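The block underneath contains the structure these notes are about, expressed in structure tokens.
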Amino acid sequence: MGARATIIFHALFLTSLQLLLTRHVSSAAGGKWNLLLPNVGIAAMHMQLLRNDRVVMFDRTNFGPSNISLPNGNCRDSPNDIVTKLDCTAHSIEYDVASNTVRPLTVQSNTWCSSGSVRPDGVLVQTGGDRDGELKARTFSPCNNNRCDWVEFSNGLATRRWYASNHILPDGKQIVVGGQGKFNYEFYPKTTSQNVVALPFLAETNDRGEENNLYPYVFLNTDGNLFIFANNRAILLDYVKNTVVKTFPAIPGGDPRSYPRTGSAVLLPLKNLEAVKIEAELRKMPRARVMGDMTLLPNGDVLIINGGGSGSAAWELGREPVLVPDLYQPENPVNSRFESLNPTTIPRMYHSTAILLRDGRVLVGGSNPHAFYNFTGVLFPTELSLEAFSPVYLEPEFANLRPKIMSPKSPSRIKYRTSLKLQFKVTGEVKSPVKVTMVFPSFTTHSFSMNQRLLVLDNVKFTRKGKSMTYEVQVRTPRSANIAPPGYYMIFVVNQNIPSEGVWVRLQ
Ligand SMILES: *[C@@H]1O[C@H](CO)[C@@H](O)[C@H](O)[C@H]1NC(C)=O
Ligand SMILES: *[C@@H]1O[C@H](CO)[C@@H](O)[C@H](O)[C@H]1NC(C)=O
């Protein structure tokens, strides 16, 4: 099978709707929805899973009181707030997966429509936002004692960034690309005194002055260049020399996929990395979806979830909530890659999010198409709930196929270019080859999961250890930081498409 690093894009493919819907009704359905918490106090517009299985979420700070108080009875002066000038509520929270609880965090400046990445040491770095937040960088160091909170840095950025995309780089720094009115990129931490590099591609994709290129889809290609998609076009950028190495043909039809005509993009599983090339694959989705999220599952399938069937991103413009997630199975034959799953009951429109958890569930939150917290008198009320979608692989009927990783323990350190042994137990049948995957947890907002990346590690050796239902698989760790930037990954063993719980490993 040819190796590949494939990007697939969402779009509004109305014509195929009927046909694929009918075909999938019979084979249909899978997965379960659970309402985790009816009210976490904020609309989870941005989400990031950290190495201690806690998820940092935030919305914006200048649109009135949320439904969760700041810690210790604190209040903030909020001169730019359109509703209140003194705000005693939190606009960021930490969700603890294990206890299913949240605690409020303190963010002072405006994080609205911002971006971020987790550093190799596991610290979340978030950049930009609006107004008093537009030049800020903020860090959040994970802790287990509930004492950690945001630290904010003025002038962390060299220029204002609102609706930019970040990516972690092989050297552990991050690149911040674009944003409203910004046809350039920069690095965080800053690399030079000037630190801002022009990127004419972003001016060219800013069609007729319409901003169809916000939140560009940025991926680190395995050759170390960046694949950048904006509007309806893509380039391969050597960000070190600031040269465009390759210009890809525009998507047929020409419709923009970037914000606000928001589609989504995902890098399909990286495997057989000897000869990677970029292919554009155009596939029709089972139904129209705008503002969806694409989440890589531990077995390499892609969950397409959230969003609406018509309209666009931005205030009040989305319609026809799509309650049904679709699964894209890249390993299946071309005509059977999509499967429609069980629906939720909660519309997740503009400003909704989805991320993978280490236990294989997908955490779903947010949705707020309004310029305020509006719970009544609107088409889609501001949504404060958190749900989990459990893909079909979590059904009890697959318990006997599910691997349980015994070693390495979570968390462990691993190195590049070495062999790694994983021991695991399975009570039922194991079919070799088992698959070992590594997932980099993404910073998710506005239908794009920055840094989302799944590697399928090359299998070297598989052994059954005596009669004890214990097995060992030996794999090769990634060859270079271009293939897998340094940092914390979740590693999974997958038996017959059923993934284990993940184990945190720090690749360095
Ligand atoms: C959250 O909303 C509930 C129900 O409207 C209200 O009783 C409560 O006081 C609110 N809490 C905060 C901190 O706003
Ligand atoms: C939304 O909330 C804002 C601020 O509380 C309020 O002024 C506005 O009237 C609300 N909109 C609707 C449609 O209720």
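Quick note: numbers below take in every heavy atom, side chains included, and nothing from hydrogens, waters or symmetry partners. All ligand and atom numbering here is 1-based and tracks the order in the structure. Keep in mind it's a predicted model, so treat the numbers as computed, not measured.
At most 12 non-hydrogen atoms from other residues, nucleotides or ligands lie less than 6.0 angstrom from CD of Gln194.
Of the residues listed (Asp87, Asp130, Asn110, Asp81), the one engaging Asn62 in a side chain to side chain donor-acceptor pair (under 3.5 Å) is Asn110, and it is the only one. With Phe229 as reference, Tyr217 is the one residue of Tyr217, Phe219, Phe448, Tyr215 to meet the ring pair (Phe, Tyr, Trp, His ring centres under 6.0 Å) rule.
Residues His351 and Trp315 place their aromatic rings such that the two centres sit under 6.0 Å apart.
Within the 4.0 Å heavy-atom cutoff, Ser66 counts among the residues contacting ligand 1.
Scanning all protein heavy atoms for the shortest distance to atom 3 (C) of ligand 1 gives Asn67 ND2, 3.6 Å. Remark: minimum distance from atom 9 (O) of ligand 2 to any protein heavy atom is reached at Asn374 ND2, 4.8 Å.
Any N or O atom pair closer than 3.5 Å counts here, and Ser69 shares no such pair with ligand 1.
The nearest protein heavy atom to atom 14 (O) of ligand 1 is closer than 4.0 Å. Protein heavy atoms are absent from the 4.0 Å sphere centred on atom 5 (O) of ligand 2. Protein heavy atoms are found less than 4.0 angstrom from atom 11 (N) of ligand 2. For atom 1 (C) of ligand 1, a protein heavy-atom neighbour is found at a distance under 4.0 Å.
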Take Leu379 and Arg319 through the side chain to side chain contact (heavy atoms under 4.5 Å, CB included) test and state the conclusion after the steps. CA-CA 9 Å; Leu379 219 42; Arg319 292 292 182 275; 3.6 Å; yes
ring-ring contact (aromatic ring centres under 6.0 Å, His included) between Trp150 and Phe58, intermediate numbers included: CA-CA 11 Å; Trp150 287 103; Phe58 49 95; 5.5 Å; yes
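Close contacts between ligand 2 and Thr376 involve ligand atoms 14 (O) [criterion: under 4.0 Å to a heavy atom].
Not a single donor-acceptor pair under 3.5 Å links the side chain of Asn166 to the backbone N or O of Gln126.
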